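Notes for the one structure printed next.
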Number of protein chains: 2
Amino acid sequence: MDLLIELGALAFASRMKRMSEIGMQSVADVYQYYGIDFEAKYFPLFYYLSQKGEASIMEIAEVLKVTHPGIIQIAKELEKKGLIISKKSAEDARKRNLKLSKKGKILLPKLQKIWADVKAVNADLFESRKHNILIALQELEDAWEEKSYLDRFKEFHHLS
Amino acid sequence: MDLLIELGALAFASRMKRMSEIGMQSVADVYQYYGIDFEAKYFPLFYYLSQKGEASIMEIAEVLKVTHPGIIQIAKELEKKGLIISKKSAEDARKRNLKLSKKGKILLPKLQKIWADVKAVNADLFESRKHNILIALQELEDAWEEKSYLDRFKEFHHLS
DNA sequence: CAAATTTGCGTAATCACTTACGTAATTGTT
DNA sequence: AACAATTACGTAAGTGATTACGCAAATTTG
């Protein structure tokens, strides 16, 4: 008996988490396959810097929708590996700006090639299905933004 | 600019995790709304025991697809709250069996009512969409089981 | 323009798991 | 029956994020 199926929507959160962990591990496997010293968790920050050039801690945290201590931690690791550098902003002394280091810029093309391949495999894995999980996820995120779960719940109770 | 959209499948794992956290918090809100001292993370274990009656640590871990130390931790909390009890198995002295306590059984009907309501709200939230995330998730879990991500990746490379 | 508020960052503690490892009980092998 | 291998459980430490809190710099406002 697969209890997880029986639980259905109620165990949704755990299943999402497990799936996300599998996803992270999968990307880790790919980096290892290429013998590249890069972790899946670095991707959002590193990718954003590769596009934006330079950005402050808070800006990155907001765009990537994580908390700023999370960015600080990942930035610390990437800085230790020499892939990014940071310096105080000239315009605003509160801000610390991050950008790719020379070493990071050298690594970038290799990573971009991997990312492109990952994207292609993902396209096959995700987009070729009748129920597209990426679209489904986006719809759910939008629905959540529009009205909180508890509000939906209360509404349901007034009706029933 | 919404980077998360641009990232698409590549940031899939982080989005899954975030969504799962929102889901967990939502259920927590509902318990609080009812003034019930129960946490979202208890659900899988408590629900399984309510169905199965009695089960060992490892059995639960396998069914719920988490590691056994995870079960031990949650069981510890539930035991402290007096909602479950545990005793060494008579047949196998290595095993420790868990089951609902009297207090747990008294709480159960209230929880079942909440779970039923949550399920109804979820049905509206999840199933009424064009792209059903539960089905999509199931499809993805099945696909993953069938062939690992790295294998897909390698296959893609041999072809390209 | 001084005081109050807000913003950006950093550290510490916490959380819900995990992996790693050790011990005791059971099972399998000869 | 002895010994090896496996299984069940427990503890400790690690992970990748979070919340809570504090300080310093910038901005707002009376």
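Fair warning: this is a prediction, and the values are worked out from it, not measured in the lab. Sequence lines set the chain letters: A, B, ... in the order given, protein chains first and strands last, and positions in each chain run from 1.
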(request) Could you check how far CZ of B:Arg96 sits from P of D:dT7, rounded to whole Å? (result) 21 Å
(request) Classify the angle between the aromatic ring planes of B:Tyr42 and B:Phe38 as parallel (below 30°), tilted (30 to 60°) or perpendicular (above 60°). (result) perpendicular
(request) Round to a whole Å and report the spacing from CD of A:Glu39 to C1' of D:dA17. (result) 14 Å
(message) Using OP1 and OP2 only, check whether a side-chain N or O of A:Thr67 sits under 4.0 Å from D:dT18.
(response) yes
(message) What is the separation between atom NZ on A:Lys88 and atom C1' on D:dA25, rounded to the nearest whole Å?
(response) 9 Å
(request) Tell me whether the OP1 or OP2 atom of D:dG10 has a side-chain N or O from B:Arg94 closer than 4.0 Å. (result) no
(request) Identify whether the distance between the nearest side-chain nitrogen and carboxylate oxygen of A:Lys87 and A:Glu54 falls below 4.0 Å. (result) yes
(message) Given C:dG10, C:dA16, D:dA8, identify the nucleotide with an atom nearest to the side chain of B:Lys41.
(response) C:dA16
(message) At less than 4.0 Å, is any side-chain N or O atom of A:Lys76 found next to OP1 or OP2 of C:dC9? Yes or no.
(response) no
(request) Starting at atom CG of A:Asp92, determine the distance to atom P of C:dG8, rounded to an integer number of angstrom. (result) 7 Å
(message) Using the side-chain heavy atoms of A:Lys95, tell me which of these nucleotides is nearest: D:dA26, C:dC9, D:dC9.
(response) C:dC9
(message) Expressed as a whole number of angstroms, how long is the span from B:His68:NE2 to C:dC21:P?
(response) 14 Å
(message) Quick check for you: among C:dC9, C:dT26, D:dC9, whose closest atom lies nearest to any side-chain atom of A:Ile57?
(response) C:dC9
(message) Which nucleotide wins on minimum distance to the side chain of B:Ile72, given the candidates D:dT11, D:dA8, D:dA17?
(response) D:dT11
(message) Please tell me whether B:Tyr47 and B:Gln112 have a donor and an acceptor in their side chains that are separated by less than 3.5 angstrom.
(response) no
(message) Output the rounded distance in Å from CD (A:Glu91) to P (C:dT7).
(response) 19 Å
(request) Answer whether the closest heavy-atom distance between the side chains of B:Ile36 and B:Lys110 falls below 4.5 Å. (result) yes
(message) What I want to find out is whether A:Lys41 reaches A:Glu77 closely enough, with some N-O distance under 4.0 Å, to be called a salt bridge.
(response) yes
(message) Rounding to an integer number of Å, can you tell me how far A:Met58 CE sits from D:dA26 P?
(response) 16 Å
(request) Please report, rounded to the nearest Å, how far the C1' atom of C:dT19 is from the CD atom of B:Gln73. (result) 13 Å
